[in-house]
Amino acid sequence: MFDSETAWQALTSRDTRFDGVFFVGVTSTGIYCRPICPVKPPQQKNCLFFASAEAAEKAHFRPCLRCRPELAPGNAPVDQPHRVADRLIQRIEEGLLEEREGLEAIAAEFGMSLRQLRRIVQQELGVSPLELRQTRRMLLAKQLLTETRLPVTEVAYASGFRSLRRFNDVFQARYRMTPSALRRGVDAAVNAQSGDSATLLLVYRPPYDWAAMLAFLQTHLMKEVEAVQDGAYRRTVALGRCRGWVSVSHLPAKNALRVEFSTSLTPVLPLLLRRLRDLFDLNAQPQLIAARLAQDALLAPSLARSPGLRVPGAFDAFELGVRAIIGQQVTVKAATTVSSRFAAAFGEPCETPFTDLTRCAARPDRIASLTVDDVAPLGIVSARSRAIIAFAQACAGESLRFNATQSPESVMKQLVALPGIGPWTAHYIAMRALRWPDAFPKEDIAIRNNLGGLKPAEAEARSQQWRPWRSYAVMHIWESLAVVKPKKKS
């Protein structure tokens with residue numbers, strides 16, 4: 001998939017796009033590394049390049065102790081600064097990073113001091129954490145001014161500013177014009193919207209298999225909470241005290257998704273957009289993923305049929321977790337039916353302009369107070385009812401959290417420690433709710449059958465060549481199954 005000269009250039013520039021795509025073995029030391037290893041680059045004549053860590057070890061090279069090539073990119077100690085910076089951006093978009101006290105709290109969640117956090121963000125992004133927050137706010141404000149007709153005051157608060165005066169001062173200093181002046185330069189026809197809703201675009205790296213994404217969501221939706229119709233995905237939204245709805249459709253000519261949302265959600269807009277990016281996997285790099293997975297002849301046909309196949313995420317981790325527990329050892333159709341009953345029984349009513357969206361999904365604090373006798377009559381066996389209640393209690397009590405400071409491995413350990421949750425469910429939740437690209441539910445019967453009837457341990461061994469993109473390999477395996485026989489996943 002690459003030549004030695006290209007690999008050498010990527011190595012010497014420490015190009016992160018090639019991390020996980022190839023490995024370099026150094027003949028003078030007998031060690032193999034990732035292309036982003038921070039050690040001094042070896043001489044080109046001493047380098048051998050391999051498509052996988054397994055190939056390097058087969059050639060009798062041992063893994064580097066600095067960059068840890070045996071671990072998925074992003075999970076070795078050397079990746080800590082980049083990982084912290086990336087998760088800090090997520091926390092800002094979640095709306096949880098406010099003033100100095102908030103920054104100190106975030107540093108504590110990462111297990112570091114405020115000084116360490118500042119140094120890492122400065123090193124990785126070239127700005128301070130507060131400058132990073134300011135930039136993210138200004139970019140959102142500019143998008144709202146140019147793509148919506150929201151009043152300037154609402155734009156200011158939706159972007160995270162606590163006063164209109166402060167917003168105007170920062171905007172003038174940053175862009176050398178007032179917010180109103182910027183809006184006057186935008187074609188009014190582009191922004192023609194009703195007063196009860198607004199529209200924004202969320203861009204992605206092409207290609208994007210929208211049809212596959214929509215089909216997956218349609219087969220897994222909860223009635224009254226979600227709907228798929230006329231090429232669009234719609235759902236109710238409950239974030240904090242805000243209630244409303246969102247509708248997402250595809251604009252392939254712009255490599256973007258069109259997001260229409262009720263203006264009642266404007267106060268939580270950064271968090272809403274973050275959740276939608278996660279749900280539709282908009283931060284994926286399909287070219288990089290395809291370059292790795294296409295090396296396997298098993299996956300190559302699916303990659304050719306479905307370029308840009310994404311991993312459907314989760315709008316809400318608790319909602320997805322309940323769905324995963326209900327889906328244990330049953331068909332997709334059965335799990336969807338029972339999940340819809342669960343939402344109808346325990347979700348709160350929600351008013352929307354759509355007749356098929358009438359309820360928000362159940363919240364953990366409501367479910368945590370239930371008993372098995374409350375849940376089991378919905379067609380959920382006692383063991384799974386207890387698992388759902390235990391899961392809800394862990395989420396409601398915040399002993400189990402899905403925010404950006406938690407690593408997938410630590411969350412999965414917490415999940416399997418709960419009654420009734422095994423490795424399959426933990427990996428499925430990590431794959432969708434935690435956006436972990438290297439999840440692999442090896443116990444999944446559909447995966448093992450499509451790999452030739454392998455046992456779980458054999459499937460795990462077979463999956464090693466797909467790392468760190470095993471979640472995407474799973475989607476291609478499931479997609480391939482749909483071509484020849486019904487799916488059995490949930």
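Taking the side chain as every heavy atom from C-beta outward, Arg183 and Thr146 never approach each other to under 4.5 Å. Counting only heavy atoms from C-beta outward, the side chains of Ile326 and Ile380 approach each other to under 4.5 Å. Taking the side chain as every heavy atom from C-beta outward, Phe342 and Ile388 approach each other to under 4.5 Å. No side-chain heavy atom of Val411 sits under 4.5 Å from any side-chain heavy atom of Ile429. With a 4.5 Å cut-off on side-chain heavy atoms, Thr148 and Thr199 do not count as touching. A heavy-atom distance below 4.5 Å is found between the side chains of Met412 and Trp436. Counting only heavy atoms from C-beta outward, the side chains of Glu260 and Leu200 never approach each other to under 4.5 Å. Within the 4.5 Å cutoff, side-chain heavy atoms of Leu276 are placed close to those of Val248.
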**OP:** Apply side-chain contact (heavy atoms from CB on, under 4.5 Å) to Glu351 and Thr358, showing your working.
**Re:** CA-CA 6 Å; Glu351 293 185 8; Thr358 58; over 6 Å; no
**OP:** Give the intermediate values and the outcome of side-chain contact (heavy atoms from CB on, under 4.5 Å) for residues Met431 and Met475.
**Re:** CA-CA 10 Å; Met431 175 179 167; Met475 289 305 302; 3.7 Å; yes
Subject >> Evaluation steps, side-chain contact (heavy atoms from CB on, under 4.5 Å), between Leu378 and Phe346 >> reply: CA-CA 11 Å; Leu378 299 176; Phe346 305 119; 3.5 Å; yes
Original post:
Does the salt bridge (charged side-chain N to carboxylate O under 4.0 Å, His left out) test come out yes or no for Arg363 and Asp316, once each step is laid out?
Top reply: CA-CA 10 Å; Arg363 304 307 309 146; Asp316 180 85; 3.4 Å; yes
Original post:
Checking side chain to side chain donor-acceptor pair (under 3.5 Å) for the pair Trp466/Asp296: CA distance, chi angles, key distance, verdict?
Top reply: CA-CA 8 Å; Trp466 305 326; Asp296 191 326; 2.7 Å; yes
**OP:** Might you work through the side-chain contact (heavy atoms from CB on, under 4.5 Å) test for Ile289 and Leu309, ending with a clear yes or no?
**Re:** CA-CA 10 Å; Ile289 296 166; Leu309 184 66; over 6 Å; no
**OP:** Kindly indicate, with the supporting measurements, whether the criterion ring pair (Phe, Tyr, Trp, His ring centres under 6.0 Å) is fulfilled by Phe354 and Trp245.
**Re:** CA-CA 9 Å; Phe354 308 103; Trp245 56 269; 5.1 Å; yes
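Nearest heavy atom pair, residue Leu140 against residue Ala158, reads CD2-O, 3.8 Å. The shortest non-hydrogen separation linking Ala361 to Val225 is N-CG2, 3.9 Å. Here the closest heavy-atom approach between residue Gln328 and residue Thr425 is recorded as NE2-OG1, 2.6 Å. When all heavy atoms of Val474 and Pro441 are compared, the closest pair comes out as CG2-CD, 4.0 Å. Contact detail for Ala294 and Ala300: the closest heavy-atom pair is O-CB, 4.1 Å. Shortest non-hydrogen contact noted between Leu320 and Ala433 is CD1-CB, 4.2 Å.
The aromatic rings of Trp478 and Phe216 lie parallel to each other, with less than 30° between the two planes, well short of the 60° mark. Taking the six-membered ring where the residue is Trp, Tyr208 and His250 present tilted rings, their angle falling between 30° and 60°.
Few gaps surround CD on Glu460; more than 12 heavy atoms of other groups in view lie less than 6.0 Å from it.
Here Glu443 contributes atom CD and Arg448 contributes atom CZ; the two are 8.0 Å apart, rounded to the nearest 0.5 Å. From Asp196, atom CG reaches atom OG of Ser262 across 8.5 Å, with rounding to the nearest 0.5 Å. Note that CG of Leu144 and CZ of Arg149 are 12.5 Å apart. Values are rounded to the nearest 0.5 Å. Rounded to the nearest 0.5 Å, atoms CD1 (Ile477) and OG (Ser302) are 9.0 Å apart. Atom CZ of Arg235 is separated from atom OG1 of Thr352 by 12.0 Å, given to the nearest 0.5 angstrom. Rounding to the nearest 0.5 Å places CZ of Arg277 at 8.5 Å from CG of Leu257.
In this structure, a donor-acceptor pair under 3.5 Å is present between the side chains of Arg470 and Ser463. Side-chain polar atoms of Arg323 and Thr336 form a donor-acceptor pair below 3.5 angstrom. A donor atom on one side chain and an acceptor atom on the other are not found under 3.5 Å apart for Ser340 and Glu224. For the residue pair Trp424 / Asp444, a side-chain donor-acceptor distance below 3.5 Å is found, with atom types taken as modelled.
No donor-acceptor pair closer than 3.5 Å links the side chain of Glu154 to the backbone N or O of Pro267. No side-chain donor-acceptor contact under 3.5 Å links Arg234 to the backbone of Ala227. Between the side chain of Glu458 and the backbone N or O of Leu454, no donor-acceptor pair lies under 3.5 Å. Looking at His427, its side chain does come within 3.5 Å of a backbone N or O of Phe440 through a donor-acceptor pair. Although no hydrogens or angles enter the test, the distance criterion places no donor-acceptor pair under 3.5 Å between the side chain of Arg384 and the main chain of Gly420. Proximity of a side-chain donor or acceptor of Thr236 to a complementary backbone N or O of Arg359 within less than 3.5 Å is detected.
Remark: Glu348 engages Arg243 in a salt bridge, criterion side-chain N to carboxylate O under 4.0 Å. Salt bridge annotation for Arg432-Asp281: absent, with no cationic side-chain nitrogen under 4.0 angstrom from a carboxylate oxygen.
Centroid-to-centroid, the aromatic rings of Phe391 and Phe318 come within less than 6.0 Å. Aromatic ring centroids of Phe22 and Phe49 lie under 6.0 Å apart.
Annotation: cation-pi pair Arg310/Tyr472 absent, no NZ/CZ under 6.0 Å from the ring centroid and within 45° of its normal. With Phe315 as the aromatic partner, Arg275 meets the cation-pi criteria of under 6.0 angstrom to the ring centre and within 45 degrees of the ring axis.
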